[in-house]
Q: 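Quick one: the structure is below, and I'll ask about it shortly.
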Amino acid sequence: MSNTDDGPRSYDMVAAQAKWQEFWERDKTFQADRAATKERRYVLDMFPYPSGDLHMGHAEAYAMGDVLARLWRMQGYEVLHPIGWDSFGLPAENAAIKMGEHPAKWTYGNIETQKTSFKRYGLSLDWSTELHTSDVGYYKWTQWLFTQFYKQGLAYRKNSFVNWCPKDQTVLANEQVVNGACERCHTPVTKRRLSQWYFKITEYAQALLDDMAGLEAGWPERVLAMQRNWIGRSEGAHVDFVIEGREEPVTVFTTRPDTLWGATFMVVAPDSELAGELCSEAAREAFEAYLERVKQSTEIERQSTEHEKTGVDLGISAINPVNGERIPVWAADYVLAEYGTGAIMAVPAHDQRDLDFARKYGIPVTVVIDTGEADPRESGIATVGDGNYINSGPLNGLSDKKSGVAKAIEVLRERRAGAGTVTYRLRDWLLSRQRFWGCPIPVIHCPSCGEVPVPDDQLPVELPDLRGADLAPKGVSPLAGEAAAEWRNVPCPQCCGPAERDTDTMDTFVDSSWYFYRYLSPNDDTRAFDPAEVSAWMPVDQYVGGVEHAILHLLYMRFFAHVLHDLGLIDFNEPMRRLLNQGQVINQGKAMSKSLGNGVDLGKQIDAYGVDAVRLTMVFASPPEDDIDWADVSPASSLKFLQRAYRLATEVLSAPGADPATGNIELRRATHRAIKAVTDLVAIGRFNVAVARVMELVNATRRTLDANPAAGADAAVREAVGFVAQALSLVSPYVAEEMWELLGYAPSIANSVWPVADEALLANDTVVMVVQVQGKVRAKLEVPEAITEPEATELALADPAVVRALDGRAVAKVIVRLPKMVSIVPA
RNA sequence: GCCCGAGUGGCGGAAUGGUAUACGCGGUCGGCUCAAACCCGGCUGGUGGUGACACCUUGGGGGUUCGAAUCCCCCCUCGGGCACCA
């Protein structure tokens, strides 16, 4: 403790950082006690990809998660706050190719660098459960989970057109195609027909949708909206059309079965198998040429809004099941092979796409709903609203879509030509990647037994050490190359005949779909995770990460949980109770990027202002979910504030056990108001406002000290400064530890007991009562908090400003809200 | 086109039916200093007025209410997601 003029008046952030890092490590301050009988809390940050070093984005995200982890620890919960590395992935492989090194070297080297930065950043992380998805001890269990999925029929291989990135020379999941381009390298994606592994996420489409109801309280609405959108539930009907000269009918999906009487042609996706099957001999040549053209075009071209619809007549006819009309069948690129049944009935009068196509190719247009708008045949604009049904047999006489659809489905059922149904936009998760640095798919292809999953006792399938081999993308996995021949050629686990390993690796989103279970027993080599530990700690109480994962990781990990639940491995469906999507750190209105040269170096910020100030700046700048523009904030002023707070601790003269009960009552009230506000605000994630309340308490304490030379000895000052230190420890742990030590308490402040506000001190002797006349504030009166309604009314009506505002008018009504407001309504 | 979210001082933001602009940044005036930096203190939404004070102000317009940034309707703008999904 020091209060002499020559004592330290400011904290040395560099020394404090070194000192407390060492202390926390030695003390194992943040290591969770697995045997604890206390109530548990699990705080989880999305684990980082070891891309080089900690950057501004990480810094913000991890600062947010740490606030809650530290609050809950001080509130007496046993908190688990683990960390690990999402360490498989393309950047490592690309770096390895560039530098001629093994991806592991780059990856684990980065982890060392990043780990040092994490430790300096002062997060309350439990390093004892650190894991790496690229460790054999981890990916063995990724493989085991794959085989479990396989046995349930939830992992399967199929041959179809897939998204292909020509630059990375690998396939991509739908979720990884952004605006028709590779989400990673932005190269336009093309289509390739390949045999690939999929997870059957579509089987869980409805379950994933249904369970969102339970997430509404804890997840941001926008993430749920994005997931709903992505799953894309669509209600409609299947309709069977008989094809002339073919036994099997063709089924189409439509959301508008009520317009069936207006169908004037049918369209199938050119790249579907169906198109090739249906095509007449006469049209064959034209169709093949057309298909070739479609395959050549990139997704960007295809999806362009200016893209004009094209197609070819397949030279055959379909029969409309409700009116027996013969309609032509076309192949056109505006119909997608993967959605619905890959075939549609086209109703040009009431669907704009069909109308555009019909007008271009001279196909007739039949209006079956009179909406009172212009005739689509003349206007070129399809009418899609409610109206009177015409030329629609049993629907004639109806006048709204809802009953039209219901009636149409009834007709279809009677004729056994269709039924109501639901379709989803969601596709199965394509998980094969033609790359080296990932988890090998544990399947062996045997010429006689076919696909054989690697038996449990032969797991893991370890990656071969291809050091020195050429990993450059060639369109097939490096594991399919000559260098891996020895690894690849193995006996079939079933018949022992010669067989080959699958040479693809898994999408890294598979690795990250289950890491939070593994944290609970990271070294268990007998199973993927311990169900008892999972049951004790999960679901996760707070998950923190970027919104960019809204429909990738966050959907995949939910799917995994549903499957794990169905496999009986976990006892819940939804692993994350609450989700916080922190915003991004931007600079001068734009995302930081090399090309713009507006990047802000985290290390330099920390060197200049210290960890405490940088973290405080992040937390105070804006609500956690909003972006922070580094050009708008001031880490220098954060540091200034922290020094102001620190200085208070140097001025405390009372002893550590001093009873604040007889201390300065005004300051005590300010302290307890702050305790209440900060506790509540942090719990609901309003961290920026909580910091503002701490600043107010610092200001109030400063004023108390400045007003009275003896105030340093007042225990109320100690109480205030103690809470300032505790509250600051959520964000700026180094200065908080320094203050705590100055106050004479034993370290660490992280083990201190978070105070509970004293209700008696939340009340005031007097409050400001506002008097409104006709809704306008006319007077502010200092009144006792215990004022009664008649007293308040009398005081209000007697106020000169109120009298002036009433201007002689009688009072019609007085509304009193004790003790803060009186509203007077003149006659 | 469809689905979300948001518009508050010069700036980041606070207030979610009851004192609009908390807290901070910036600005400005003053103190300390030979001086400057640091630090400390005052003032700081707009218009009018010497002043007490008055009027206006939460993207725009309307409504509900004693009272609206907050709730309802219409419109505008920005951000995000999806998008030839039948």
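Each chain gets a letter, A, B and so on, in the order its sequence line appears, and its residues count up from 1.
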Q: Determine which nucleotide pairs with B/rA52, using a 3.5 Å limit on both distances of a Watson-Crick or G-U wobble pair.
A: none

Q: Expressed as a whole number of Å, how far does the P atom of B/rC72 sit from that of B/rG7?
A: 14 Å

Q: Who is the Watson-Crick or G-U wobble partner of B/rU16, with both distances under 3.5 Å?
A: none

Q: Side-chain N or O of A/Y334 versus OP1/OP2 of B/rA86: is the shortest distance under 4.0 Å?
A: no

Q: What integer number of Å spans the C1' atoms of B/rC66 and B/rC11?
A: 36 Å

Q: What interatomic distance, in whole Å, is found between P of B/rG10 and the corresponding atom of B/rA6?
A: 23 Å

Q: Are OP1 or OP2 of B/rA86 and a side-chain N or O of A/S234 less than 4.0 angstrom apart?
A: yes

Q: Once rounded to the nearest 0.5 Å, what's the spacing between atom OH of A/Y424 and atom OG of A/S234?
A: 10.0 Å

Q: Whole angstroms only, please: what is the CG-P distance between A/D807 and B/rA54?
A: 13 Å

Q: Between A/V773 and A/A621, which is nearer to the 5' end of RNA chain B once each is assigned its nearest nucleotide?
A: A/A621

Q: Counting side-chain heavy atoms from CB outward, which of B/rC66, B/rG12, B/rU19 is closest to A/I815?
A: B/rC66

Q: For A/R703, which contact category applies under a 4.0 Å heavy-atom criterion: base, sugar-phosphate, or nothing?
A: nothing

Q: If I pick the C1' atom on B/rG30 and the same atom on B/rG18, what distance separates them, to the nearest angstrom?
A: 38 Å

Q: Report which part of the nucleic acid A/M695 touches: base, sugar-phosphate, or nothing (heavy-atom distance under 4.0 Å, all strands).
A: sugar-phosphate

Q: Are A/E216 and A/R228 within salt-bridge range, i.e. N to O under 4.0 Å?
A: yes

Q: Can A/K309 be said to sit on top of A/Y334's aromatic six-ring, NZ or CZ under 6.0 Å from centre and within 45° of the ring axis?
A: yes

Q: So does A/E789 pair up with A/R817, basic N to acidic O under 4.0 Å?
A: no

Q: Taking donor-acceptor contacts at under 3.5 Å, does the side chain of A/S823 reach the base of B/rC66?
A: yes

Q: Rounding to the closest angstrom, what is the interatomic distance between B/rA69 and B/rA14 at atom C1'?
A: 11 Å

Q: So what does A/I551 touch, heavy atoms closer than 4.0 Å: a base, only the sugar-phosphate, or nothing?
A: sugar-phosphate

Q: What's the NE2-C1' distance between A/H350 and B/rC84, to the nearest Å?
A: 19 Å

Q: Should B/rU21 form a Watson-Crick or G-U wobble pair with both distances under 3.5 Å, which nucleotide is its partner?
A: none

Q: Of the nucleotides B/rU19, B/rG18, B/rC56, which has the atom closest to the A/R817 side chain?
A: B/rG18

Q: Is the base of B/rG62 syn or anti, where syn means the angle lies within 90° of 0?
A: anti

Q: Using a heavy-atom cut-off of under 4.0 Å over every strand shown, decide if A/Q772 touches base, sugar-phosphate, or nothing.
A: base

Q: Partner of B/rG26 by Watson-Crick or G-U wobble geometry, both contacts under 3.5 Å, or none?
A: B/rU44

Q: Tell me which nucleotide among B/rC39, B/rG41, B/rU19 gets nearest to the side chain of A/K640.
A: B/rC39

Q: Determine the interatomic distance between C1' on B/rU70 and the same-named atom on B/rG63; round to the nearest Å.
A: 15 Å

Q: Does A/F620 reach a base, just sugar-phosphate, or nothing at all? Heavy atoms under 4.0 Å.
A: base

Q: Using a strict 4.0 Å threshold on nitrogen-to-oxygen distance, state whether A/E666 and A/R703 make a salt bridge.
A: no

Q: Hey, is the side chain of A/R778 poking within less than 4.0 Å of OP1 or OP2 on B/rC55, counting only N and O atoms?
A: yes

Q: Would you mind classifying the nucleic acid contact of A/V689 as base, sugar-phosphate or nothing, using non-hydrogen atoms under 4.0 angstrom?
A: sugar-phosphate

Q: Contact class for A/D356 vs. all strands (heavy atom < 4.0 Å): base, sugar-phosphate, or nothing?
A: nothing

Q: Considering only heavy atoms and no angle criterion, is a donor-acceptor pair shorter than 3.5 Å present between the side chain of A/K309 and the base of B/rC84?
A: yes

Q: Among B/rC25, B/rC66, B/rC23, which is the nearest nucleotide to the side chain of A/V825?
A: B/rC66

Q: Could you state the CZ-P distance from A/R686 to B/rA22, rounded to the nearest angstrom?
A: 16 Å

Q: Over how many whole Å does the gap from A/R228 atom CZ to B/rC3 atom P extend?
A: 14 Å

Q: Taking CZ from A/R427 and P from B/rA83, how many angstroms apart are they, rounded to a whole number?
A: 9 Å

Q: B/rG67 base to A/Q774 side chain: any donor-acceptor pair below 3.5 Å?
A: no

Q: Give one of base, sugar-phosphate or nothing for A/R804, where a contact means two heavy atoms less than 4.0 Å apart.
A: sugar-phosphate

Q: Tell me what A/K820 touches on the nucleic acid: a base, only sugar-phosphate, or nothing, going by heavy atoms under 4.0 Å.
A: nothing

Q: CE of A/M226 versus C1' of B/rC4: gap in Å, rounded?
A: 8 Å

Q: Classify the ring geometry between A/Y339 and A/F253 as parallel (under 30°), tilted (30 to 60°) or perpendicular (over 60°).
A: perpendicular

Q: Does A/D632 reach a base, just sugar-phosphate, or nothing at all? Heavy atoms under 4.0 Å.
A: sugar-phosphate

Q: B/rG5 pairs with which nucleotide, Watson-Crick or G-U wobble, both distances below 3.5 Å?
A: B/rC78

Q: Mark yes or no for a side-chain to base donor-acceptor pair under 3.5 Å between A/R693 and B/rA22, with no hydrogen or angle criteria applied.
A: yes

Q: Taking only Lys NZ, Arg NE, NH1 and NH2, and the carboxylate oxygens of Asp or Glu, determine whether A/D680 and A/K676 approach each other closer than 4.0 Å.
A: yes

Q: Any ion pair linking A/R359 and A/D354 (charged N to carboxylate O, less than 4.0 Å)?
A: no

Q: Determine the interatomic distance between P on B/rG79 and the same-named atom on B/rU28; round to the nearest Å.
A: 33 Å

Q: Does A/A801 or A/V768 map to a spot on RNA chain B nearer the 5' end, using the closest nucleotide for each?
A: A/V768

Q: What's the closest nucleotide to the A/W230 side chain, out of B/rC82, B/rA86, B/rG18?
A: B/rC82

Q: Does A/F687 have its ring centroid less than 6.0 Å away from the ring centroid of A/F620?
A: no

Q: Under 4.0 Å between a side-chain nitrogen and a carboxylate oxygen: does that hold for A/D807 and A/R809?
A: no

Q: Does A/N688 make a side-chain N or O approach to OP1 or OP2 of B/rA14 shorter than 4.0 Å?
A: yes

Q: To the nearest Å, give me how far apart CD1 (A/I231) and P (B/rC82) are.
A: 14 Å

Q: Determine the Euclidean distance between corresponding P atoms of B/rG46 and B/rG9; express it in Å to zero decimal places.
A: 12 Å

Q: Give A/R222 one of three labels, base, sugar-phosphate or nothing, depending on what nucleic acid heavy atoms sit under 4.0 Å from its own.
A: sugar-phosphate

Q: Base, sugar-phosphate or nothing for A/N699? Non-hydrogen atoms, less than 4.0 Å.
A: sugar-phosphate

Q: For A/L616 and B/rC25, give me the distance from atom CG to atom P, rounded to whole Å.
A: 11 Å

Q: From B/rA14, B/rC23, B/rG18, pick the nucleotide closest to the side chain of A/P623?
A: B/rA14

